[in-house]
Participant: 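One structure, pasted below without further comment.
Lettering of chains follows the sequences in order, A, B, ..., and the numbering in each one begins at 1.
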2 protein chains.
Amino acid sequence: MSVEDGIDFAIIELLFFAYRDFTSDPDQILADYGFGRAHHRVLHFVNRRPGLTVAELLDVLKITKQSLARVLKQLIDTDHVVQLQGPRDRRQRELYPTAKGRALALALARPQSRRIHAALGDSGVTERTLVERFLEAMVNPELRAQIDVGSAKMSGKSHGEH
Amino acid sequence: MSVEDGIDFAIIELLFFAYRDFTSDPDQILADYGFGRAHHRVLHFVNRRPGLTVAELLDVLKITKQSLARVLKQLIDTDHVVQLQGPRDRRQRELYPTAKGRALALALARPQSRRIHAALGDSGVTERTLVERFLEAMVNPELRAQIDVGSAKMSGKSHGEH
DNA sequence: AAATTACGTCAATAGTACTGACATAATCTC
DNA sequence: GAGATTATGTCAGTACTATTGACGTAATTT
């Protein structure tokens, strides 16, 4: 079990290796666009939660406004993301992916999804659920609300259309 | 299941959130030492694979020699890591953690291990093995040799002593 | 003896992040 | 309505991690 001093080094390391290779796939594609991992994260969440505001995005990414600024500006300038004035609160800027943005987000997600499917292999639904449950439990409890598993939680909202 | 366009967005996002919070624990401790995540990774692998060479470390971390240089130098200057001339090949520098280095590596691993245990909860050995198997399968096949799960693979080597 | 290897180092650059400060417009509160 | 607060944008300065390219040295291999 590799538990020296009661420390779970095995899974600590596996997480490092898994994440290292998991992010290496999109990194290659991003290089062609002159984008980095930060652009990927922003585009991913704008694509997944269309209409989310700048403040919400900052909260999900856990970065500062200043860090987001450059990256978001580039995505807007290259026509991957558009900003719309918030309907309720006109101070807010709702972020939406363009068709071009959605295409890139999808292209970036594809190899990652392929890797996940390959890793799950012929695992059944139970095993898949177990992996999901473990990963979710790794997230800080107070931040689990950020997770949008796509099932019950978002059933009411018309995500994805715009 | 959140599979739009056949893409497994659920697990893609879960991996992001899980890793984000997984790394946030040690980050706080590192700040006290003026160290960053790079120092953590180097220290971790030196601690886990005492005697590994610079070239091996570069291969595991997937960074360049120049990137490693500064970080490694700081760890050596602060007496967390020592370099010993390779016994077989005197060009090589074998890296070993000092007592101080081992203590820091352990302090950094502790909250991560705690998080993992909490996430596994009352899961049995089967579930734990499943998570391990999934994470291992996420790693590029040609790089899986780098993984040192601590069971059979290292039984012969006297890791950890120096 | 010559080529290769392992490592160290110098210089220049890029990407991502930070803190702090300030500006603007919109909304909320009294 | 005046004032406070909020959402966002932006400027300046800094730090950390990473990159490529080049060069040097010592040790090993051919």
Side-chain angles (χ1 to χ4, degrees), chain A residues 16 19-20 23-24 26-46 51-78 81-96, chain B residues 16 19-20 23-24 26-46 51-78 81-96:
Chain A
F16 166 76
Y19 201 76
R20 181 195 65 179
T23 51
S24 72
D27 279 357
Q28 307 221 318
I29 301 169
L30 288 160
D32 300 335
Y33 291 77
F35 289 161
R37 217 171 274 181
H39 299 86
H40 184 189
R41 289 196 289 264
V42 170
L43 184 58
H44 170 90
F45 283 107
V46 169
L52 108 169
T53 66
V54 172
E56 287 166 348
L57 186 53
L58 290 176
D59 202 48
V60 167
L61 299 178
K62 288 268 168 291
I63 58 172
T64 60
K65 188 173 40 165
Q66 295 84 343
S67 297
L68 174 63
R70 175 188 54 94
V71 172
L72 183 56
K73 195 174 186 318
Q74 285 176 316
L75 285 170
I76 290 168
D77 289 348
T78 54
V81 172
V82 287
Q83 284 182 315
L84 273 80
Q85 206 169 48
R88 281 184 285 252
D89 188 334
R90 287 187 304 174
R91 288 171 306 180
Q92 293 184 333
R93 302 280 179 273
E94 294 190 343
L95 303 172
Y96 294 93
Chain B
F16 166 75
Y19 201 76
R20 181 194 65 180
T23 51
S24 71
D27 280 357
Q28 307 221 317
I29 301 169
L30 289 159
D32 299 336
Y33 291 76
F35 289 161
R37 218 171 273 181
H39 299 86
H40 183 191
R41 289 196 289 263
V42 171
L43 184 59
H44 170 89
F45 283 108
V46 169
L52 108 168
T53 65
V54 172
E56 287 166 348
L57 186 53
L58 290 176
D59 201 49
V60 166
L61 298 178
K62 288 269 167 288
I63 58 172
T64 59
K65 188 173 43 166
Q66 295 83 342
S67 297
L68 175 64
R70 177 188 51 94
V71 172
L72 183 56
K73 194 174 188 314
Q74 285 177 315
L75 286 170
I76 291 167
D77 290 347
T78 54
V81 171
V82 287
Q83 282 182 317
L84 273 80
Q85 206 170 49
R88 282 183 283 253
D89 188 333
R90 287 188 303 175
R91 287 172 305 179
Q92 294 185 332
R93 302 279 179 274
E94 294 189 343
L95 304 172
Y96 294 93

Participant: Check the pair B:Gln85, B:Glu94 against side chain to side chain contact (heavy atoms under 4.5 Å, CB included), reporting the backbone distance first and the verdict last.
Facilitator: CA-CA 6 Å; B:Gln85 206 170 49; B:Glu94 294 189 343; over 6 Å; no

Participant: Rounded to the nearest angstrom, tell me the gap between atom CG in A:Leu68 and atom P in C:dT19.
Facilitator: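 Nearest whole value for this atom pair: 15 Å.
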
Participant: Flag the pair B:Leu75 / B:Phe35 as yes when at least one side-chain heavy-atom distance between them is below 4.5 Å, and no otherwise.
Facilitator: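 Touching, per the 4.5 Å side-chain cut-off.
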
Participant: Heavy atom of residues 28-42 of chain B under 4.0 Å from DNA chain D: which residues?
Facilitator: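 Hits under 4.0 Å, by residue number: B:Gly36, B:Arg37, B:Ala38, B:His39, B:Arg41.
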
Participant: Does A:Thr64 reach the side chain of A:Leu68, with side-chain heavy atoms less than 4.5 Å apart?
Facilitator: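 No, their side chains stay 4.5 Å or more apart.
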
Participant: Apply side chain to side chain contact (heavy atoms under 4.5 Å, CB included) to A:Val82 and A:Ile76, showing your working.
Facilitator: CA-CA 6 Å; A:Val82 287; A:Ile76 290 168; over 6 Å; no

Participant: Walking along DNA chain D from 5' to 3', note the first and the last nucleotide with an atom under 4.0 Å from a heavy atom of chain A, and give both.
Facilitator: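 Both ends considered, the range comes out as D:dT6 to D:dC11.
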
Participant: Decide if atom NZ of A:Lys73 counts as having more than 12 heavy atoms of other residues, nucleotides or ligands within a radius under 6.0 Å.
Facilitator: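 At most 12 heavy atoms, drawn from other residues, nucleotides or ligands, come within 6.0 Å of this atom.
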
Participant: Whole angstrom is fine here: how far is it from CG in A:Leu72 over to C1' in C:dA17?
Facilitator: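 After rounding, the reported distance stands at 16 Å.
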
Participant: Can you build the contact string for nucleotides 20-30 of chain C? Use B for base contact, S for sugar-phosphate-only contact, and - for no protein heavy atom under 4.0 Å.
Facilitator: BB---BBS---

Participant: Quick one, B:Tyr96 with B:Val81, criterion side chain to side chain contact (heavy atoms under 4.5 Å, CB included). Give me CA distance, side-chain angles, the key distance, then yes/no.
Facilitator: CA-CA 6 Å; B:Tyr96 294 93; B:Val81 171; over 6 Å; no

Participant: Between A:Arg93 and A:Arg91 (side chain of the first, backbone of the second, donor and acceptor by atom type, cut-off under 3.5 Å), is there such a pair?
Facilitator: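 Side chain of A:Arg93 to backbone of A:Arg91, a donor-acceptor pair under 3.5 Å: yes, one is there.
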
Participant: Taking the side chain as every heavy atom from C-beta outward, state whether B:Leu95 and B:Leu72 have any pair of such atoms under 4.5 Å apart.
Facilitator: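 In short, these two side chains touch, coming nearer than 4.5 Å.
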
Participant: Ignoring hydrogens and angles, tell me if any N or O in the side chain of B:Thr23 forms a donor-acceptor pair with the backbone of B:Tyr19 under 3.5 Å.
Facilitator: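 Side chain of B:Thr23 to backbone of B:Tyr19: a pair is present.
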
Participant: What parts of residues 51-60 of chain A reach DNA chain C, counting only heavy atoms under 4.0 Å away?
Facilitator: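 The stretch gives none, as no residue of it lies under 4.0 Å from the strand.
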
Participant: NZ of A:Lys73 versus P of C:dG15: gap in Å, rounded?
Facilitator: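 Those two atoms, NZ and P, are 16 Å apart.
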
Participant: Quick check: do A:His39 and A:Gln74 have side-chain heavy atoms less than 4.5 Å from each other?
Facilitator: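 Yes, close enough: below the 4.5 Å cut-off.
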
Participant: Relative to the ring of B:His40, is the ring of B:His44 parallel (under 30°), tilted (30 to 60°) or perpendicular (over 60°)?
Facilitator: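 If you compare the ring of B:His44 with that of B:His40, the planes turn out perpendicular.
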
Participant: Do any side-chain atoms of residues 53-60 of chain B form donor-acceptor pairs under 3.5 angstrom with protein atoms, and if so which ones, sequence neighbours left out?
Facilitator:
| unit_1 | atom_1 | unit_2 | atom_2 | d |
| --- | --- | --- | --- | --- |
| B:Thr53 | OG1 | B:Glu56 | N | 3.3 |
| B:Glu56 | OE1 | B:Thr53 | N | 2.9 |
| B:Asp59 | OD2 | B:Gln146 | NE2 | 3.4 |

Participant: Does C:dC18 have its OP1 or OP2 closer than 4.0 Å to a side-chain nitrogen or oxygen of A:Thr64?
Facilitator: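 For C:dC18, OP1 or OP2 has a side-chain N or O of A:Thr64 closer than 4.0 Å.
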
Participant: Which is true for B:Gln74 with a 4.0 Å heavy-atom rule: it touches a base, it touches only sugar-phosphate, or it touches nothing?
Facilitator: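 Counting heavy atoms under 4.0 Å across all strands, no contact is made by B:Gln74.
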
Participant: Determine which pairs satisfy salt bridge (charged side-chain N to carboxylate O under 4.0 Å, His left out) with at least one residue from residues 32-42 of chain B, sequence neighbours left out, and list them in order.
Facilitator: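 Sorted pair list: B:Asp27-B:Arg37.
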
